[in-house]
S.K.: 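This is the structure I have questions about; it appears just below.
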Amino acid sequence: MPRPIYIYNAGLTQRTDFYPMNIPQSPWRLTLTYALAAGLWVFFSDRLLATLGLPLAQLERAQLLKGLGFVLLTAGLLYAVLRTHRQQNNLVNLALSSSKQRLHQALEAAKNGMWDWDLQTQRLYFSPGYSALLGVGPEALGDDPDLWRQRLHPDDRVLFDRNLEQRLAARNPAPYEVNYRLLHQDGSYRWIQSRGRLLLDEHGQPERLIGTASDITQRRYDEDSLRQAAAVFDATQEGVLVTDVQQNIVHCNPAFTRITGYSQDEILGQSPAILKSGRHDQAFYDSLWHALQNRGAWSGEIWNRRKSGEIYPQWQCIRVIHDEQGEISHYVAVFSDISALKRSQRELDYLAHHDPLSNLPNRLLFTERVERALERATHDEQRGAVLLIDLDHFKHINESLGHTIGDMLLKEVGERLGQQLGKRMTLARLGGDEFGLLDESCSSAEQAAVVAQRLQACLTRAFRINQQELFVTASIGISLYPAEATDVGQVLRNADSALFKAKSNGRESYAFYSQELTEHARQRVELASALRHALDHQELRVYYQPLVCLHSQEMIGVEALVRWQHPQRGLVPPGEFIPIAEETGLIGAIDAWVLEQSCRQMVAWQIAGYSLRFVSVNASSRLFSRGGLDRRVAEVLRDTGLAPAYLELEVTESAVMEDPDAALALLERLRALGVRLAIDDFGTGYSSLARLKRLPVHKLKLDQSFVSGLPHDQDDVAITRAVIALGHSLGLKVLAEGIEQLEQVELLQQLGCDHAQGYYFGRPQPAEHLTAHLARSATTTS
Ligand code: C2E
Ligand code: MG
Ligand code: MG
């Protein structure tokens, strides 16, 4: 029986059997058939010839012809058989070689090698492709299985041998696959995947092992990388979101679910827009997409919304993924929830900028704020002050009562000082017993001095700490900016040397960096407190100055002007204390007092039968701009019983023009009460004629600065004429202030001015003097 020739296809899993001849019989059977047929032919053909009874010579010739014929026939038959055999052989060889070539090409294309292990001879065959896998030439591997085994990685040998043994013992001809590492010529080990099959002989005994081998090192590496990536994807704390190019979410990891609250099922197929917080405008998303299109990546801080609705900050990196054709296939977003980070940043920031004992800003933050305040001061021409507050003899408290009590006291001092803060003020604990105050709304030394006094005053009340009463005082150094310094260092140094000055002045005092300021401010502050005292101790007086009709020269009314009867300084004019009263807020009480006095006096004059048409009272611009004046006036009129028509209120032009709309509303309310209204110091402000015409006033009082130049200063004459014409054209009376000479009276009469006021007619004087005067003129007229 001929041995089949095995031809394996590229997969090497199927076997095709070819035989050398397509003849059904075996050579033996064929030969026997031939021998039998030839024997039978010889036997029967001879018998047939003998029956013909031919003569011998003919018989011999016939037998020769028969023999020749037989030889010819068998030669022809032999030729046909051999030819067919050769043709078939050629065909088989052709098929074999093309199959071999295909196999070779297929193995080469797949970068596979082939091996064939003859178990009987213990010889191993390696294809050139196999040797190439290990970086050696075709012959270098030899045919000795032991030589090959030496290339096997030591860790893989035991497993390989065990598998081989089991396979041979099981005589299992099924295809198998094993992976192991083989030493490459470059010294590294390569992962080889070997697929083979055990072939058995006709007795079922293992005959050979045959198969292919391929280098799977890269694949194993890729698989390892993939496995690691998948583990990272699942285990990372960062949320990962993958969308396709149409913006549909196709993948997310467990951290995504943990951070956003959306499960995989809820989010897959959705658009990432579901996560939008609404905190970013379109321009933000436009720039994000621009970065993705141009750089293929974007990273930055973004606010998103959790499923719960909570908005939180993320640090997000988005990358574009391209397919093999270079087209965008996916977008991958990796993000971390940075809300905790932000919180701790804020906490750290707070700790870095605050004093843990008092919770007040510390020196660092204070310095930053002063720096910013100085910048603002330069830009917006604002002024401010820095006050350094140092507790006097605090060391003694620490030493005698201990640091715990000292700390508690400092905390309470901080709280108490903090209660004194107004708008745009920063209180800080600069260290130890030193506090700093930045007052950005402090425009003058007086204001700073008032603040300093307020701070000192708030500390005078006893502190109750651990059932003990403690008293502290503070010294304060004040530095003004930008007048005295324009950089932080200088401002703080100035305040520090001012503090030193205050301390050396004998504690519980305050001092400015410059001596003059200290003095000036002190005087003003002293004046302010003295003024408060004056109000309480009836040191204020109301003087009345006559107001005269220029046509009849008659006294038609009086202007109430306040005076301060100072015990030491004598009569102080309002120009000296009204501004301080306005700064300290005392003006409200003063004006209310003057208003009430004047109304009472007017009622008294009316009762006495003097025919004054009105009393004119000044309203502070401060009070005017704050509103509420109409209510106060109504109250006073009610309390005193004066009819509204006998009261005239003077409001300065600048107060009206500061906030014309509010002024208009207030003036209308006052007018509705029935009182008369006059614009004081007219010509010194910047009236808009358009607004002026809408004001519900009765009178313009031309400021005395224009009247003093009359009648010689031509400019003053022109202004006076113009104001009179303007007043009249608006239907208002015009009063000229500060008339001291007859020629002024004459000129004003010529110009058509209605009323007048000035020393020429009478100085401001106490009510009794005026009563006497009124009585005299009443007698004269009668
Ligand atoms: P004003 O309302 O314009 O008052 C007129 C000022 O001119 C008064 O000064 C008066 O004494 C002064 N005066 C009057 N005639 C003459 C003159 O012929 N020559 C000169 N040189 N001066 C003359 P006074 O009393 O010193 O008041 C100054 C300013 O103080 C007032 O200007 C008014 O704005 C304010 N004032 C006075 N009393 C009060 C008050 O009770 N409340 C408020 N808020 N302000 C007041
Ligand atoms: Mg006035
Ligand atoms: Mg005036």
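The analysis underlying the following values was restricted to heavy atoms, covering all of them including side chains, and did not include hydrogens, waters or symmetry mates. None of the values given here were measured: they were computed from a predicted structure. Read the numbers this way: they start at 1 and go in the same order the structure lists the ligands and their atoms. Sequence positions, counted from 1, serve as the residue numbers for this chain.
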S.K.: Below 4.5 Å, heavy atoms only, C-beta onward: do Phe471 and Leu459 meet side chain to side chain?
M.R.: no

S.K.: Say whether Gln757, considering both its backbone and side-chain N or O atoms, lies within less than 3.5 Å of an N or O atom on ligand 1.
M.R.: no

S.K.: Counting heavy atoms only, which of Glu737, Gln704, Gln744, Gln741 comes nearest to atom 6 (C) of ligand 1?
M.R.: Gln704

S.K.: Can a donor-acceptor pair be found between the side chains of Glu559 and Gln757 at a distance below 3.5 Å?
M.R.: yes

S.K.: Could you tell me whether Val594 approaches ligand 1 through its side chain, its backbone, both or neither, with non-hydrogen atoms closer than 4.0 Å?
M.R.: side chain

S.K.: Could you list which atoms of ligand 1 come closer than 4.0 Å to a heavy atom of Ser620?
M.R.: 44 (N)

S.K.: I'd like to know whether ligand 1 has Gly575 as a neighbour, heavy-atom separation below 4.0 Å.
M.R.: no

S.K.: State, with a plain yes or no, whether a side-chain heavy atom of Phe614 is found less than 4.5 Å away from one of Leu547.
M.R.: yes

S.K.: Tell me the contacting part of Val542 for ligand 1: side chain, backbone, both, or neither, using a 4.0 Å heavy-atom threshold, strictly below.
M.R.: neither

S.K.: Under 3.5 Å, is there a donor on one side chain and an acceptor on the other for Arg424 and Gln382?
M.R.: yes

S.K.: By side-chain contact (heavy atoms from CB on, under 4.5 Å), which residues pair with Ser443, not counting sequence neighbours?
M.R.: Arg383, Gln447

S.K.: Please state whether Glu559 comes within less than 4.0 angstrom of ligand 1, counting heavy atoms only.
M.R.: yes

S.K.: Could you list the residues that satisfy side-chain contact (heavy atoms from CB on, under 4.5 Å) with Val548, not counting sequence neighbours?
M.R.: Phe761

S.K.: Side chains of Asp392 and Ser475 only: does a donor on one sit below 3.5 Å from an acceptor on the other?
M.R.: yes

S.K.: Taking the non-hydrogen atoms of Lys701, is any one of them nearer than 4.0 angstrom to ligand 1?
M.R.: no

S.K.: So, at under 2.8 Å, which protein N, O or S atoms would a careful student list around the Mg ion (ligand 2)?
M.R.: Glu559 OE2, Asn618 OD1, Glu650 OE1, Asp680 OD2

S.K.: Is it true that the NZ or CZ of Arg763 lies under 6.0 Å from the centre of Tyr759's six-membered ring and within 45 degrees of the ring axis?
M.R.: yes

S.K.: Given that the side chain starts at C-beta and the backbone is N, CA, C, O, which of these parts of Asp591 lies under 4.0 Å from ligand 1, counting heavy atoms, or is it both or neither?
M.R.: side chain

S.K.: May I ask you to identify, for Asp680, whether its side chain, its backbone, both or neither come under 4.0 Å of ligand 1 on a heavy-atom basis?
M.R.: side chain

S.K.: Among Tyr759, Tyr543, Trp593, Phe577, which one has a heavy atom closest to atom 23 (C) of ligand 1?
M.R.: Tyr759

S.K.: Among side-chain atoms of Ser620 and Glu582, is any donor-acceptor pair under 3.5 angstrom?
M.R.: yes

S.K.: Do the ring centers of Tyr646 and Trp605 come within less than 6.0 Å of each other?
M.R.: no

S.K.: List the atom pairs, donor and acceptor, that lie under 3.5 Å between side-chain atoms in residues 412-420 and the rest of the protein, sequence neighbours left out.
M.R.:
unit_1: Arg416; atom_1: NH1; unit_2: Cys458; atom_2: O; d: 3.2
unit_1: Arg416; atom_1: NH1; unit_2: Arg461; atom_2: O; d: 2.7
unit_1: Arg416; atom_1: NH2; unit_2: Ala462; atom_2: O; d: 3.0

S.K.: Quick test: of every protein heavy atom, which one is nearest to atom 24 (P) of ligand 1, and how far off is it to 0.1 Å?
M.R.: Pro574 CG, 3.6 Å

S.K.: Give the residue, atom name and distance (to 0.1 Å) of the protein heavy atom nearest atom 15 (N) of ligand 1.
M.R.: Gln545 NE2, 2.9 Å

